[in-house]
There are 2 protein chains.
Amino acid sequence: MTIISFRLNENLFLKDPQNSELGQNIIRSSISLIDEIGFEHFTFKKLADKIESTEASVYRYFENKHRLLVYLIDWYWTWMDYKMDFAMQNLLTPEDRLRAGLKVIIEEKKPDPNFAFVDEQALQRIVMSEFDKTYLTKQVDLDNKEGLFIPYKTVCNKLACEIKKVNPAYQHPHTLISTIMLSANHQVFYAKHLPSLTDINGEKQVTYQKLYEFCEAIIFNSIK
Amino acid sequence: MTIISFRLNENLFLKDPQNSELGQNIIRSSISLIDEIGFEHFTFKKLADKIESTEASVYRYFENKHRLLVYLIDWYWTWMDYKMDFAMQNLLTPEDRLRAGLKVIIEEKKPDPNFAFVDEQALQRIVMSEFDKTYLTKQVDLDNKEGLFIPYKTVCNKLACEIKKVNPAYQHPHTLISTIMLSANHQVFYAKHLPSLTDINGEKQVTYQKLYEFCEAIIFNSIK
DNA sequence: CAATTACAATAGTAATACTATCATAAACGG
DNA sequence: CCGTTTATGATAGTATTACTATTGTAATTG
């Protein structure tokens with residue numbers, strides 16, 4: 001029953017969806033709808049029908065569906081950042097901290113009782129299939145200027161800093177981490193849909209375990 | 001003077017665009033238009049206006065814009081495959097072959113006189129920003145069944161085989177290669193638009209050189 | 001010369017991505 | 001308690017997108 005909520009970038013929304021029931025409904029239902037039909041087929045009309053509201057009402061919260069997607073994704077990375085802080089707490093060596101942070105990223109997410117209106121597992125699936133679409137656009141520079149990618153950059157930077165501490169001479173901590181983050185997001189998708197692109201397979205739990213080991217090996221083989 | 005052309009998967013098109021002037025025009029102009037405005041804003045109407053034809057005529061070649069994008073991307077990976085075969089020719093050790101293949105992937109593309117109606121540099125930019133969108137969809141399994149991702153998988157597999165030859169005991173050749181391929185596509189984008197995610201910067205030539213060295217190091221540190 | 005093909009021209013439809021206006025009920029402030 | 005803001009619903013309307021269908025005609029082929 002912790003009463004925390006994330007304060008996200010105000011450019012993301014017209015009205016904060018966390019402060020009203022309709023807003024929370026929009027978040028909850030957009031997660032399940034995007035998870036179900038994919039972002040391409042997702043429309044505010046379909047969402048409005050699902051929550052028995054109107055398109056116009058949804059538009060009062062989000063300028064367009066792209067901003068809504070970025071909102072969800074930013075929420076996810078802010079959540080990861082928060083979980084990483086917990087996981088890395090009290091660990092003394094940068095190696096341990098790095099491993100703990102990495103583990104947070106590469107594990108199957110469980111529902112977090114702190115956030116009642118977010119289905120974290122569905123959101124993780126959305127991040128895997130849709131995250132890249134938030135920045136692979138022509139407006140990336142404008143969106144970036146508005147700070148829309150800060151949560152992801154924060155997570156990456158936190159891990160890159162630990163790498164730097166493990167080996168201050170290593171020249172590519174950011175490149176290495178963003179490479180690993182990309183892979184962490186894609187390999188689970190490959191395992192499911194394009195298995196010839198990966199050697200990872202088996203049950204979900206096993207998938208994440210193997211993926212974690214793969215990523216850990218890459219990192220430590222590179223920086224030692 | 002073209003004496004070669006790639007025979008692409010027939011599921012990609014309704015009528016082969018390589019066999020007519022309008023078809024070639026569609027390819028040429030869709031590359032420049034997608035490069036210019038991005039795939040999201042690209043429509044058959046805009047393309048038709050650009051080539052002074054009609055929407056209906058474009059639809060005779062491609063079922064929809066997604067298939068057209070996959071066509072372009074498949075052409076690119078088929079081209080990469082072809083170039084890799086050349087580059088790896090006559091090299092005897094798997095290490096050398098791996099390096100040569102990787103170099104083909106990670107270098108700034110030059111216009112190839114073999115293919116008059118393709119702007120290879122624009123196409124490379126399209127691959128960097130749009131490739132992931134071809135498979136991060138709800139129809140991925142259907143598209144995969146139709147063989148739409150074969151060219152990419154072929155390229156990945158070719159490199160993974162060399163890894164296996166370098167070190168037959170290495171357990172993750174496919175995972176490693178698809179990780180590197182992802183990174184190769186994204187890091188150049190990061191360098192330009194999200195520089196805090198990478199340590200790579202500087203002039204284009206330098207960017208590719210640094211990126212190549214980074215990827216080579218990851219690979220050989222992992223498999224040795 | 002007949003028949004196919006390639007393509008332009010035109011029309012039309014359902015869905016998408018919005019914008020605008022108005023009514024009303026709840027909440028809130030003095 | 002009354003007036004005002006706020007939140008939402010209801011409704012309408014627009015330009016664009018993503019197609020499908022039909023027809024006419026010039027060029028190509030058999």
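We name chains A, B, ... by the order of the sequence lines, and we start the count at 1 in each one. Side-chain atoms are counted along with the backbone in the values below, which use heavy atoms only and exclude waters and symmetry mates.
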Where the side chain of [X] is concerned, which of [options] is the nearest nucleotide?
| X | options | answer |
| --- | --- | --- |
| A/Tyr59 | C/dC18, C/dA8, D/dT11 | C/dC18 |
| A/Ala56 | C/dA20, D/dT17, C/dC7 | C/dA20 |
| B/Leu22 | D/dC19, C/dC7, C/dA17 | C/dC7 |
| A/Ser57 | D/dT8, D/dA18, C/dA9 | D/dT8 |
| A/Glu55 | D/dC19, C/dC18, C/dT16 | C/dC18 |
| A/Lys46 | C/dT16, C/dC7, D/dC19 | C/dT16 |
| A/Thr43 | D/dT8, C/dA17, D/dT17 | C/dA17 |

inquiry  = Does the Lys NZ or Arg CZ of A/Lys65 fall within the cation-pi geometry relative to A/Phe44 - under 6.0 Å from the ring centre and within 45° of the axis?
reply    = no
Quick one: do [X] and [Y] make a salt bridge, cutoff under 4.0 Å?
| X | Y | value |
| --- | --- | --- |
| B/Lys133 | B/Glu40 | yes |
| B/Arg28 | B/Asp119 | no |
| B/Glu108 | B/Lys204 | yes |

Once you round it to whole Å, what is the distance between [atom2] of [N] and [atom1] of [X]?
| X | N | atom1 | atom2 | result |
| --- | --- | --- | --- | --- |
| A/His41 | D/dT17 | NE2 | C1' | 13 Å |
| A/Lys15 | D/dT5 | NZ | P | 16 Å |
| B/Asp49 | D/dA18 | CG | P | 14 Å |
| B/Asn19 | C/dT5 | CG | C1' | 13 Å |
| A/Phe62 | C/dC18 | CZ | P | 14 Å |
| A/Phe42 | C/dA15 | CZ | P | 18 Å |
| B/Ile51 | C/dA6 | CD1 | C1' | 14 Å |
| B/Leu47 | D/dT17 | CG | P | 13 Å |

Exactly one of A/Phe131, A/Phe6, A/Phe149 clears ring-ring contact (aromatic ring centres under 6.0 Å, His included) with A/Trp77, and that residue is A/Phe131
Of A/Phe44 and B/Glu52, the one whose closest nucleotide on DNA chain C sits nearer the 5' end is B/Glu52
Comparing A/Glu40 with A/Arg60, nearest DNA chain C nucleotide closer to 5' gives the residue A/Glu40
Would you mind classifying the nucleic acid contact of A/Tyr61 as base, sugar-phosphate or nothing, using non-hydrogen atoms under 4.0 angstrom? sugar-phosphate
[X] side chain N/O closer than 4.0 Å to the phosphate oxygens (OP1, OP2) of [N]?
| X | N | result |
| --- | --- | --- |
| B/Ser53 | C/dA8 | yes |
| A/Ser20 | D/dT8 | yes |
| B/Lys45 | D/dC19 | no |
| B/Lys65 | D/dC19 | no |

Taking every heavy atom of B/Asn11 against every heavy atom of B/Arg67, the minimum-distance pair comes out as O-NH1, 2.9 Å
